[in-house]
Amino acid sequence: MLGDAVRRMEQTQGLTVDEYERSEHQSAQDADTGLRELMSVSPNISPDAAGGYLLEAERVYVRWHRDDYYLDGEFALKSLYSCLSGNYVTFEDSRLAEGQREVMRDLKIFEEAPGSGRMTGIRFPAGGAGVSEIWFYDMNQLKLESLDIDYTTYLDTLLATGGVAGWQYLFADLDFRNDAFRGIAKDLREMIGYFQHVFPDRDYEPLLHRLEARQ
């Protein structure tokens, strides 16, 4: 799924994929563990569909730009096995309220834009009961937001947006009329309109509705 999405970008006139890096392949045992973990965080996914959401590598990094440099995107995606197995770094931000710092300490980061201060992680409810949560942290905006999205939908949307900065805010309870987010909203509208044109088989209307609801 991920490789197909990157190849489509590479083959799209007007887009340039600057970097596409994959770490070493995972072992069969790691892949099996990843499948079990995927089913635990996305219980509604069918076993037949689950394979498309597993990375064959521990980490994949993609960076691209539109040829006019007005649009660009970046993401580093960690395998679910690596994310949940304890191979992750705990992040802190003393500027956040104590309740949010507690949430952040619980996050297992699976996706980020390196060097940007933006990252997304999974949080499990206390005691391990209940549905896992997806949280997005933005150091520059001093935001830690719970996202109305599950893991597999997150991956689908990440590939659909190409990791354009701030797309996660479309799934947060946020008002884009705030001055701090007007630039993000403008870029997201540009991204949606452009990708609707170059990838007409993808449905961007749900993202457009989310954007409009926040303006």
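All residue numbers in this chain count up from 1 along the given sequence. Keep in mind that the numbers below use all heavy atoms, side chains included, and drop hydrogens, waters and symmetry copies.
Taking CH2 of Trp135 as the reference point, atom CZ of Arg123 lies at 6.5 Å (rounded to 0.5 Å). Distance check: Leu211 CG to Met191 CE gives 8.5 Å after rounding to the nearest 0.5 Å. Here the CD atom belonging to Glu133 is positioned 9.0 Å from the CG atom belonging to Leu107, to the nearest 0.5 angstrom. With rounding to the nearest 0.5 angstrom, the CZ atom of Phe110 is 8.5 Å from the CG atom of Leu158. Leu142 contributes atom CG, which lies 4.5 Å from atom CZ of Arg95 (distance to the nearest 0.5 angstrom). Here Asp187 contributes atom CG and Ile192 contributes atom CD1; the two are 11.0 Å apart, rounded to the nearest 0.5 Å.
Under the rule for a side chain to side chain donor-acceptor pair (under 3.5 Å), Asp72 has no partner lying at least two apart in sequence or in another chain. Residues forming a salt bridge (charged side-chain N to carboxylate O under 4.0 Å, His left out) with Arg101 (at least two apart in sequence, or on another chain): Glu98. When the salt bridge (charged side-chain N to carboxylate O under 4.0 Å, His left out) test is applied to Arg118, no partner is found at least two apart in sequence or on another chain. Taking Asp18 as the reference, Thr16, Arg63, His65 meet the side-chain contact (heavy atoms from CB on, under 4.5 Å) condition, with sequence neighbours excluded. Qualifying side chain to side chain donor-acceptor pair (under 3.5 Å) partners for Tyr151, counting only residues two or more places apart in sequence or in other chains: none. With sequence neighbours left out, His209 forms a side chain to side chain donor-acceptor pair (under 3.5 Å) with no residue at all. Residues that satisfy the salt bridge (charged side-chain N to carboxylate O under 4.0 Å, His left out) test with Asp179, not counting sequence neighbours, are Arg182. Under the salt bridge (charged side-chain N to carboxylate O under 4.0 Å, His left out) criterion, Glu112 pairs with no residue at all, not counting sequence neighbours. Listed by chain and number, the residues in a side chain to side chain donor-acceptor pair (under 3.5 Å) with Ser146 amount to none (sequence neighbours excluded).
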Review point. Could you walk me through whether Leu77 and Val62 pass the side chain to side chain contact (heavy atoms under 4.5 Å, CB included) check?
Key: CA-CA 9 Å; Leu77 187 60; Val62 177; over 6 Å; no

**Study point:** Steps toward salt bridge (charged side-chain N to carboxylate O under 4.0 Å, His left out) verdict (Arg105, Glu92)
**Key:** CA-CA 7 Å; Arg105 286 192 290 267; Glu92 295 274 356; 3.7 Å; yes

Review point. Can Asp67 and Leu15 be said to form a side chain to side chain contact (heavy atoms under 4.5 Å, CB included), step by step?
Key: CA-CA 6 Å; Asp67 288 355; Leu15 290 181; 5.6 Å; no

Exercise for review: Show your reasoning for whether side chain to side chain contact (heavy atoms under 4.5 Å, CB included) applies to Tyr137 and Lys143.
Suggested key: CA-CA 6 Å; Tyr137 167 69; Lys143 287 286 186 181; over 6 Å; no

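Pairs of residues two or more places apart, or lying in two chains, that qualify as salt bridge (charged side-chain N to carboxylate O under 4.0 Å, His left out) and include a residue from residues 189-202 are Arg8-Asp201, Arg66-Glu190. Here salt bridge (charged side-chain N to carboxylate O under 4.0 Å, His left out) pairs that include residues 203-215, with residues two or more places apart or in two chains, are Asp148-Arg210.
Judged by distance alone, the side chain of Glu19 and the main-chain N or O of Trp64 form no donor-acceptor pair under 3.5 Å. Side chain of Asp93 to main chain of Met139: no donor-acceptor pair is present (N/O by atom type, distance under 3.5 Å, no hydrogens or angles). Side chain of Ser132 to backbone of Phe124: no donor-acceptor contact under 3.5 angstrom is found.
No side-chain heavy atom of Tyr70 sits less than 4.5 Å from a side-chain heavy atom of Tyr194. The shortest distance between side-chain heavy atoms of Pro114 and Glu74 falls below 4.5 Å. Using a 4.5 Å heavy-atom threshold, the side chains of Ile109 and Thr120 count as separate. Residues Lys186 and Phe181 form no side-chain contact, since every pair of their non-hydrogen atoms from C-beta on lies 4.5 Å or further apart.
For the residue pair Thr153/Asp156, the side-chain donor-acceptor check at 3.5 Å is not satisfied. Tyr20 and Arg22 share a side-chain donor-acceptor pair at under 3.5 Å.
Cluster annotation: Phe176 and Leu208 are assigned to the same hydrophobic cluster (Ile/Leu/Val/Met/Phe/Trp/Tyr, side-chain heavy-atom contacts under 4.5 Å, transitive). Note on Phe75: it does not cluster hydrophobically with Tyr61, by side-chain heavy-atom contacts below 4.5 Å among ILVMFWY residues.
The shortest non-hydrogen separation linking Gln141 to Ile184 is NE2-CD1, 4.1 Å. Annotation for Thr157 and Leu207: closest pair CG2-CD2, 3.9 Å, computed over non-hydrogen atoms. Taking each heavy atom of Ala113 and Glu111 in turn, the nearest pair found is N-OE2, 4.2 Å.
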Could you pull out every donor-acceptor pair under 3.5 Å between side chains of residues 162-171 and any protein atom, sequence neighbours left out?
from   : atom 1 : to     : atom 2 : distance (Å)
Gln168 : NE2    : Tyr154 : OH     : 2.9
Tyr169 : OH     : Asp138 : OD2    : 2.8

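Counting heavy atoms of neighbouring residues, nucleotides and ligands inside a 6.0 Å radius, atom CZ of Arg177 does not exceed 12 of them. Counting non-hydrogen atoms of other residues, nucleotides and ligands closer than 6.0 Å to CG of Asp68 gives a total above 12.
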